[in-house]
Amino acid sequence: NARLSDSLTTPISHYQLVGTERKLVAVTQGGWQIIFNLDRRVGEQLASLKTVLDSSIKDQSKLKYVDLRFGGKVYYR
């Protein structure tokens with residue numbers, strides 16, 4: 001939680017565990033989601049999140065989600 005919060009301008013509101021899909025969803029206070037894959041290392045996913053937030057996303061308040069579940073690919077809207 002601390003490592004994730006360091007990358008964000010908006011604090012985390014809560015987490016949702018979807019065990020049947022092997023994913024963890026962090027919901028920010030701004031309402032957008034960060035989707036993690038439970039089968040991948042968290043450190044790798046956090047590094048991918050930091051990279052995309054630093055290089056591609058200028059305004060986090062306009063996000064709907066960042067999906068980190070697909071290895072080297074990060075999807076966001």
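For the single chain, residues carry numbers from 1 onward in sequence order. For the numbers below, each heavy atom of this structure counts, side chains included, while hydrogens, waters and symmetry mates do not. The structure displayed is predicted, hence computed values, not measured ones.
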*Asks:* Considering non-hydrogen atoms only, spot the tightest contact between Asn37 and Asp39 and give its length.
*Replies:*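 Nearest pair, atom of Asn37 first, then Asp39: OD1-N, 2.6 Å.
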*Asks:* Can you find a heavy atom in the side chain of Asn1 that is under 4.5 Å from one in the side chain of Tyr15?
*Replies:*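 When only atoms from C-beta onward are counted, Tyr15 and Asn1 do touch, with a gap below 4.5 Å.
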*Asks:* If you count heavy atoms of other groups shown closer than 6.0 angstrom to NZ of Lys23, is the number above 12?
*Replies:*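 More than 12 heavy atoms, drawn from other residues, nucleotides or ligands, come within 6.0 Å of this atom.
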*Asks:* Looking only at side chains, do Gln60 and Thr9 share a donor and an acceptor under 3.5 Å apart?
*Replies:*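 Gln60 vs Thr9: donor-acceptor pair found between side chains.
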*Asks:* Do you know which two heavy atoms are closest between Arg40 and Leu68, and how far apart they sit?
*Replies:*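 For Arg40 versus Leu68, the nearest heavy atoms are NH1-O, 2.6 Å.
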*Asks:* Within the 4.5 Å heavy-atom criterion, are Val66 and Val74 side-chain neighbours or not?
*Replies:* yes
*Asks:* Group every Ile, Leu, Val, Met, Phe, Trp and Tyr by side-chain heavy-atom contacts under 4.5 Å, then state whether Leu8 and Val42 land in the same group.
*Replies:* yes
*Asks:* Show the nearest heavy-atom pair for residues Ile12 and Ser5, with the distance to one decimal.
*Replies:* CG1-OG, 4.4 Å
*Asks:* What pair of heavy atoms forms the shortest contact from Leu53 to Ser7, and how long is it?
*Replies:*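 Heavy-atom minimum between the residues: CD1-O, 3.5 Å.
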*Asks:* How about Ser48 and Val52: do any of their side-chain heavy atoms sit closer than 4.5 Å?
*Replies:*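 No - every pair of side-chain heavy atoms lies 4.5 Å or more apart.
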*Asks:* Atom CD of Gln45 and atom CZ of Phe70: how far apart are they, to the nearest 0.5 Å?
*Replies:* 10.5 Å
*Asks:* Hydrophobic cluster membership, with links at side-chain heavy-atom distances under 4.5 Å among I/L/V/M/F/W/Y: are Phe36 and Tyr76 in one?
*Replies:* yes
*Asks:* I'd like to know if Leu49 and Ile57 are part of one continuous hydrophobic network [Ile/Leu/Val/Met/Phe/Trp/Tyr, side-chain heavy atoms within less than 4.5 Å].
*Replies:*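 Looking at the clustering, Leu49 is in the same group as Ile57.
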*Asks:* For Trp32 versus Leu63, what's the shortest heavy-atom pair and its separation?
*Replies:* CB-O, 3.2 Å
*Asks:* Find the distance between NE2 (His14) and CD (Gln29) and round it off to the nearest 0.5 Å.
*Replies:* 10.5 Å
*Asks:* What's the shortest heavy-atom distance between Tyr65 and Asp67, and which atoms?
*Replies:* CD1-N, 4.0 Å
*Asks:* Go through the steps for Leu38 and Leu17 under the test side-chain contact (heavy atoms from CB on, under 4.5 Å), then give the verdict.
*Replies:* CA-CA 9 Å; Leu38 294 176; Leu17 177 62; 3.5 Å; yes
*Asks:* Does atom NZ of Lys58 have more than 12 heavy-atom neighbours, drawn from other residues, nucleotides or ligands, at distances under 6.0 Å?
*Replies:* yes
